[in-house]
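Okay, so here's the structure we're looking at.
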Amino acid sequence: MIDLKDLRANPDKYRLGAKNKAMPADIDGLLAVDAAVRGAQTQLQELTAEKNRLSKDIGPPMGLLKKADGAQKAELEAKLAALKARPLEIASQEPELEESIRQLEAGRLALWLKIPQPADAQALFGPLPVGSDAEGNQEIRRVGTPAFDPGKSFAQNKGFTPKTHLELIENLGLADFQRGVKMAGSRSYVLTGLGQRLHNAVLQFAFNRMCDRHGFQAMSVPVLVREELMTGTGFFPAGREQAYCIEESKREDGGRDLFLTGTGEVGLMGFHQDEILEEETLPRRYTTVSTCFRREAGAAGRDTAGLYRIHQFDKVEQIVICRADEMESRDWHQKMLGFVEELLAALELPYRLLQCCTGDLGVKNADMVDVECWMPGRGDLGKDGRPQGAWGETHSASRLYDFQTRRLNLRYRAKLENGKTEVRFCHSLNNTVLASPRILIPLLEIHQNADGSVTVPPALRPYLGGLEVIGRKS
RNA sequence: GGAGAGGUGGCUGAGUGGCCGAAAGCGCCCGUUUGCUAAACGGGUAUACGGCUAAAACCGUAUCGGGGGUUCGAAUCCCCCCCUCUCCGCCA
C-alpha cells in the first residue's frame with residue numbers, strides 16, 4: 001500500500017510508476033475520492049465537536065433536576081429541552097454522513113490497494129530497466145562451477161548428451177507423476193524413494209544454513225490464513241486468482257474463508273502484523289520451510305511436464321524486517337542475494353542473476369532480482385530432437401520499502417536524534433532460499449553422469465546418510 | 001462438546017453514565033540533588049485520521065477486544081461476534 005500523503009504531493013510519481021509497471025491505476029479517481037472522504041470527515045467532525053461542546057453544559061442542570069420539584073423542576077426541564085435541541089438535531093444528521101463516509105472510504109480503499117509501488121530508478125545492479133514483461137529483464141552475470149561452465153554446452157562440459165530430469169526421474173524411480181495425477185489432478189506428483197529423500201535433504205540443508213550461518217530465526221508458519229493476511233502481505237487483491245480458497249463461509253455453521261499461502265513469506269511477515277517493534281530489536285531475520293500452494297491460473301499448457309510448474313511444493317524462505325532506512329534496506333537486499341549465491345555454489349549449480357524490469361516486478365516491489373539455474377533438459381529442441389537447455393527461475397529477491405508493512409500495519413519506534421521517538425513503518429524484504437522439488441531439476445540434470453546415475457554434491461551427503469551417487473550400485 | 005471466568009495504555013491494575021484518554025504502581029525519557037557502578041525528588045511518557053502551518057506549537061475527531069444499540073452524553077447500560085483462561089469430557 002502506498003502512502004496517500006505522498007500520492008497527494010507527488011501524483012506524477014505514481015502515474016509514471018504504474019505506467020512503467022504496465023498496471024492500471026486510477027490515480028485521478030483515487031485523489032478525487034480521497035478529497036471527498038476528507039471533506040466529509042471534516043464536516044462530520046465539526047458537527048460532532050459542536051455536539052460534544054454543547055453536551056458538556058447539560059450535566060449540571062441534569063444533576064439539579066434530580067433534586068428539584070414543583071415550579072423549579074418545570075423550569076429546569078424547559079431549560080434542558082432548550083439545551084438538548086441542537087445536540088439532538090446534530091445527532092439526527094450524523095448517521096447519514098457516517099454512511100456516506102463509509103461508502104467513500106470503501107471506494108477509496110479499493111482504488112488504493114491497486115496502486116503499485118513505483119519501481120526504483122536505481123536497482124541493485126545499476127539502473128532498473130523499464131520494460132513491459134520478463135523479456136525486458138537484464139542479465140547481470142553468469143556464474144559457473146569448477147565442473148560446469150555455463151558458457152559452453154552440456155556436451156562440451158561433460159562429454160555426453162544430457163537426459164532431462166523427467167528421464168532421470170523415471171530411470172532412477174525418484175517420482176511418480178501418473179499416480180500423483182490420479183490422486184490430485186494435473187500438475188501433481190509423488191516423490192518416491194531417493195527422490196523424496198533428496199527433496200528433504202536439500203530443504204534441510206538450506207534451512208540449517210540460514211539459521212546456523214546467517215543468524216536467521218527458524219519459524220513455522222500457518223499456510224492456511226485469513227484474507228486480511230493475504231491482502232496485508234500484498235498478494236491480494238491482484239493475486240486472488242493464484243490462491244486456493246477454502247470456503248468455510250459456505251458451510252452451514254458459516255466460518256470464515258481461509259486461503260492456502262503460495263509462499264512462507266505470508267506467514268513470516270504476518271507474524272508481526274499490527275505491532276510496533278522496538279528499534280533495537282531490528283532487523284528481524286526469519287526463515288521458514290513451508291508447503292506452498294499455487295493455482296497456476298493462466299499458465300494452462302505451460303511447463304506441464306515434470307517438476308517445474310506444480311500446484312504444491314516446499315520452500316525455504318527468508319525475510320528481513322528492518323528500519324525505514326533506504327541504505328540499510330538496500331544493503332539487506334544485497335546480503336540476502338549473497339546467501340543464495342553461496343548456497344548455489346555449495347550445491348555446485350551454475351546460475352545467472354537477472355535484474356528484473358519494471359513490468360516484471362509485481363505490485364509491491366521497488367526492486368527485484370531473479371536467480372535462474374541452468375537446466376540442461378529444458379528449452380527448445382535442437383536438430384537432434386533433444387532440448388538445448390535453458391535458464392529456469394529458482395529464486396526471486398525483492399525489496400519493498402514500506403509497501404507491505406503499511407498494509408500489515410507493522411511499525412517500529414524510531415529513536416530520533418533529539419531524544420524523541422517516532423513510530424514509523426518498517427521496511428521489508430524477502431527472498432527464496434530454496435524451493436523444491438523445482439531445484440531438483442538442475443540438481444539432477446547438472447550432476448548426472450554418462451551412465452545415467454547422478455552424483456550427490458558433497459554438501460548434501462550428510463543429509464543422505466553419506467550417499468555419493470544415486471543409481472549406481474557400489 | 002459441557003460449565004464458568006475474563007478481555008482497560010509498553011506492563012500490572014483501578015474505574016458501573018458527564019469532573020475519564022482514563023487513578024495508582026512498574027518501566028522508559030529528561031532534569032535537580034546527593035554521590036559512586038545507585039538512591040531521593042520534580043517533570044514528561046499512546047496511536048490514527050483530519051484542520052491550520054514552511055515546520056512545529058496548537059485545534060478537532062476517534063480509539064478501554066470488534067461491531068451495533070440506548071442516551072444530549074458510554075470504558076461504564078443492552079445486543080451480537082471474536083479471543084483468552086480454568087474445570088470436565090473427547091481426541092491426537
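Numbered from 1 within each chain, the chains take letters A, B, ... in sequence-line order.
With rounding to whole Å, A:Lys51 atom NZ is found 14 Å from B:rG60 atom C1'. Rounded to whole angstrom, the span from the CD atom of A:Glu275 across to the C1' atom of B:rA46 amounts to 16 Å. Following rounding to the nearest Å, A:Leu54 (CG) and B:rU71 (P) show an atom-to-atom distance of 18 Å. Across the protein-nucleic acid pair, A:Leu47 atom CG and B:rC59 atom P stand 21 Å apart, rounded to whole Å. Remark: P of B:rC83 and CD of A:Glu228 are 12 Å apart, rounded to the nearest angstrom. Atom CD of A:Glu98 and atom C1' of B:rG68 are 12 Å apart (whole Å). For A:Lys56 and B:rG73, the NZ to P distance is 13 Å, given to the nearest whole Å. With rounding to whole Å, A:Glu422 atom CD is found 19 Å from B:rC29 atom P.
Checked by atom type and distance alone, the side chain of A:Gln242 pairs as donor or acceptor with a backbone atom of A:Ala297 at under 3.5 Å. Of the possible polar contacts, none joining the A:Ser398 side chain to the A:Leu429 backbone as a donor-acceptor pair under 3.5 Å is found. Remark: the backbone N or O of A:Ile2 is paired with a side-chain donor or acceptor of A:Trp112 at under 3.5 angstrom.
Between B:rC58 and B:rA22, the two P atoms lie 15 Å apart (nearest whole Å). Rounded to the nearest Å, the gap between the P atom of B:rC81 and that of B:rG4 is 16 Å. The gap from the P atom of B:rG69 to that of B:rC64 amounts to 15 Å, rounded to the nearest Å. Across B:rG68 and B:rU76, the matching P atoms stand 14 Å from one another, rounded to whole Å. If you take atom P in B:rU71 and the same atom in B:rA54, they sit 45 Å apart, rounded to whole Å. Taking the C1' atom of each, B:rG9 and B:rA23 are spaced 13 Å apart, rounded to whole Å. When the C1' atom is compared between B:rG10 and B:rG21, the two are found 16 Å apart, to the nearest whole Å. A distance of about 30 Å separates the P atoms of B:rG42 and B:rG18, rounded to the whole Å.
Applying the 3.5 Å distance criterion, the base of B:rG60 shares a donor-acceptor pair with the side chain of A:Gln45.
Across all their heavy atoms, A:Glu328 and A:Cys322 have their closest contact at OE2-CB, 3.5 Å. Contact between A:Pro437 and A:Leu307 at its shortest, heavy atoms only, is CB-CD1, 3.8 Å. Nearest heavy atoms, A:Phe205 versus A:Leu343: CE2-CD1, 3.6 Å.
Within the structure, every pair that satisfies the salt bridge (charged side-chain N to carboxylate O under 4.0 Å, His left out) test and touches residues 218-236 of chain A, not counting sequence neighbours, is listed here: A:Glu227-A:Arg240, A:Glu228-A:Arg256.
Heavy atoms of A:Arg413 sit under 4.0 angstrom from primed sugar atoms or phosphate atoms, though from no base atom. Here A:Arg108 lies out of heavy-atom contact (under 4.0 Å) with every strand.
The side chain of A:Val423 sits closest to B:rA48 out of B:rA48, B:rG50, B:rG73. Considering only the side chain of A:Ala49, B:rG60 comes nearest among B:rG50, B:rG73, B:rG60. For A:Thr48, whose side chain is taken as the heavy atoms from C-beta onward, the closest listed nucleotide among B:rG50, B:rA62, B:rC72 is B:rA62. The side chain of A:Arg38 lies closest to B:rG50, out of B:rU47, B:rU61, B:rG50. Comparing atom distances between the A:Arg411 side chain and each of B:rA48, B:rC72, B:rG50 picks out B:rA48 as nearest. You'll find that the side chain of A:Gln41 is closest to B:rG50, out of B:rG50, B:rC72, B:rU61. For A:Thr42, counting side-chain heavy atoms from C-beta on, the closest listed nucleotide (B:rG68, B:rU47, B:rG50) is B:rG50. You'll find that the side chain of A:Asn52 is closest to B:rA62, out of B:rA46, B:rA62, B:rG68.
Judged by the 6.0 Å distance and 45° axis criteria, A:Arg399 is positioned over the aromatic ring of A:Tyr401.
The shortest distance between side-chain heavy atoms of A:Leu410 and A:Met269 falls below 4.5 Å.
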- Just the dot-bracket of RNA chain B, please: which string comes out with Watson-Crick or G-U pairs under 3.5 Å, [ ] for crossing, | for another strand? ((((((((.[[[..)..(.....]]]((((((.......))))))((((((......)))))).[[[[[..)....]]]]])))))))....
Under-3.5 Å N/O pairs linking protein and nucleotides 79-81 of chain B:
none

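Taking the six-membered ring for Trp and thresholds of 30 and 60 degrees, A:His214 and A:Phe339 have nearly parallel ring planes, at less than 30 degrees apart.
Listed by chain and residue number, A:Gln41 satisfy the side-chain hydrogen bond (donor to acceptor under 3.5 Å, both in side chains) test with A:Glu105 (two or more places apart in sequence, or in another chain). Applying the ring-ring contact (aromatic ring centres under 6.0 Å, His included) rule to A:Phe235 yields no partners; only residues at least two apart in sequence or on another chain are considered.
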- Task: Under the side-chain hydrogen bond (donor to acceptor under 3.5 Å, both in side chains) rule, what do A:Thr432 and A:Lys315 come out as? Steps first, then yes or no, please.
- Result: CA-CA 7 Å; A:Thr432 321; A:Lys315 181 156 63 77; 5.2 Å; no
- Would A:His427 and A:Tyr412 satisfy ring-ring contact (aromatic ring centres under 6.0 Å, His included), going step by step from the backbone distance to the final call? CA-CA 10 Å; A:His427 280 188; A:Tyr412 73 104; 8.6 Å; no
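For the segment residues 25-35 of chain A, the set of residues with a heavy atom within less than 4.0 Å of an atom of RNA chain B is empty.
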